Amino acid sequence: MVEIPSFENVESKPGVPKPDPILTADGVMRSFGGLVAVNVRHFEVQRHSITALIGPNGAGKSTFFNLLTGFDTAQEGHGMFDGRELRGMSSAQVARAGMVRTFQLTKALSRMTVIENMRLGAQNQGGENFARALVSPLWKSREKEITEQAEELLTRFKLIEKKDDYAGSLSGGQRKLLEMARALMSKPTMVMLDEPMAGVNPALTESLLDHIVDLRQEGVTVLFVEHDMHMVRRISDWVVVMAEGRIIAEGDPHEVMRDTAVQDAYLGAHHDTNLFEERS
Ligand code: ADP
Ligand code: MG
């Protein structure tokens with residue numbers, strides 16, 4: 001069992017240092033034409049935590065994920081993951097370093113079966129060696145290992161009965177689960193989930209929340225984007241708020257919602273004010 005980190009001595013302020021950060025970003029800037037999508041001075045994610053990244057639509061959350069995971073390149077600044085410089089790394093290299101992400105719009109390959117999608121997720125593990133492994137006598141045992149791991153994850157995510165179905169035949173929620181299960185095939189040390197609960201029905205949402213909490217228990221660090229504050233409060237150890245590309249607040253999930261700058265950011269974006277009410 002991994003010890004859940006304490007944020008007791010961490011101040012509630014944007015860019016605050018954490019006792020043991022697994023991921024840091026400094027001076028990260030990305031603009032599209034005249035629009036500054038991301039402008040983050042300093043950011044740290046505490047190892048073994050579940051950190052929520054919230055903010056109104058267009059705040060720059062997905063772009064920030066893209067920059068951190070090598071799917072896009074910052075014009076300025078850089079990041080460090082587990083002691084490694086992220087600048088210049090491709091998305092595949094980032095994944096091999098142990099940080100994987102899912103997308104706001106799922107990227108499950110619809111013309112492949114569920115189990116084939118899962119096997120693809122294992123590629124990060126072997127890296128370039130994976131191709132070489134295909135022709136080696138070791139491959140058979142490796143393939144067996146991958147299949148076992150895939151079936152174990154599919155069982156956990158209640159998709160095992162669908163393993164030979166095309167991913168395209170799954171519901172939106174099941175595709176979200178498949179994407180998360182596939183990300184775990186590479187045995188990551190950190191996962192970044194972009195709106196994992198969006199479009200998922202309430203029953204599946206519950207199991208997704210459980211899976212995220214289980215991941216933390218297994219020592220995986222989780223950073224996730226979510227709009228539903230009830231979900232955020234239930235599972236997050238720490239909340240980071242973005243608006244107009246910047247980090248405007250950080251803190252304990254209950255405390256951060258009371259921050260007036262956070263409320264203004266949402267109200268300015270015509271968001272539902274009920275977001276801030278505590279549900280009993
Ligand atoms: P969020 O995920 O917080 O909703 P995004 O990161 O998707 O926000 O977008 C931040 C801003 O950057 C938005 O104004 C969006 O329109 C813009 N943006 C994102 N990606 C691109 C792109 N590839 N080209 C142009 N503008 C983009
Ligand atoms: Mg987004």
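Worth saying up front: this structure is predicted, and the values here are computed from it rather than measured. Atoms within each ligand, like the ligands themselves, are counted from 1 in listed order.
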Chemist: Tell me: protein heavy atom nearest atom 6 (O) of ligand 1, and distance?
Modeler: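 In this structure, atom 6 (O) of ligand 1 has T63 OG1, 2.6 Å as its nearest protein heavy atom.
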Chemist: At a 4.0 Å threshold, what atoms of ligand 1 neighbour a non-hydrogen atom of A59?
Modeler: 1 (P), 3 (O), 8 (O)
Chemist: Can K18 and E250 be said to form a salt bridge (charged side-chain N to carboxylate O under 4.0 Å, His left out), step by step?
Modeler: CA-CA 11 Å; K18 311 291 182 324; E250 284 194 38; 2.9 Å; yes
Chemist: Measuring from atom CZ of F157 to atom CG of L208, what distance do you get when rounded to the nearest 0.5 angstrom?
Modeler: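 It is 7.0 Å, given to the nearest 0.5 Å.
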Chemist: Using a 4.0 Å heavy-atom cut-off, say whether L35 meets ligand 1 through its side chain, its backbone, both or neither.
Modeler: side chain
Chemist: Which atoms from ligand 1 have a heavy atom of N57 less than 4.0 Å away?
Modeler: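 This gives 4 (O) as the contact atoms.
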Chemist: Among all protein heavy atoms, pick out the one at the shortest distance from atom 19 (C) of ligand 1; state its residue, atom name and that distance to 0.1 Å.
Modeler: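 It is F32 CE1, 3.5 Å.
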Chemist: Give the residue, atom name and distance (to 0.1 Å) of the protein heavy atom nearest atom 7 (O) of ligand 1.
Modeler: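 So the nearest neighbour among protein heavy atoms is S62 CB, 3.8 Å.
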Chemist: Check whether any side-chain heavy atom of E218 lies under 4.5 Å from a side-chain heavy atom of D214, and answer yes or no.
Modeler: yes
Chemist: Using protein heavy atoms only, decide if any is under 4.0 Å from atom 23 (N) of ligand 1.
Modeler: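 Yes, there is a protein heavy atom closer to it than 4.0 Å.
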Chemist: Could you pull out, from G58, G55, A243, the option with a heavy atom nearest to atom 11 (C) of ligand 1?
Modeler: G58
Chemist: Can you confirm whether more than 12 heavy atoms, excluding those of E152, are under 6.0 Å from its CD atom?
Modeler: no
Chemist: State whether F43 and R41 meet the cation-pi test: NZ (Lys) or CZ (Arg) under 6.0 Å from the six-membered ring centroid, and within 45° of the perpendicular axis.
Modeler: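 That pair does not qualify as a cation-pi contact.
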Chemist: Does any part of the side chain of L153, heavy atoms only, come nearer than 4.5 Å to the side chain of M185, both counted from C-beta?
Modeler: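 Side chain of M185 against side chain of L153, heavy atoms only: contact under 4.5 Å found.
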Chemist: Look at the N, O or S atoms of S62, main chain and side chain alike, and state whether any lies under 2.8 Å from the Mg ion (ligand 2).
Modeler: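 Under 2.8 Å: S62 contacts the Mg ion (ligand 2) through an N, O or S atom.
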Chemist: Between E44 and H42, do the side chains contain a donor N or O and an acceptor N or O under 3.5 Å apart?
Modeler: yes
Chemist: N/O to N/O below 3.5 Å, does that happen between G60 and ligand 1?
Modeler: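 N/O-N/O distance under 3.5 Å: yes.
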Chemist: Could R101 and F71 be counted as a cation-pi pair, given that NZ or CZ must be under 6.0 Å from the ring centre and within 45° of the axis?
Modeler: yes
Chemist: State the atoms of ligand 1, each with its element, that fall below the 4.0 Å cut-off from a heavy-atom position in A37.
Modeler: 11 (C), 12 (O)
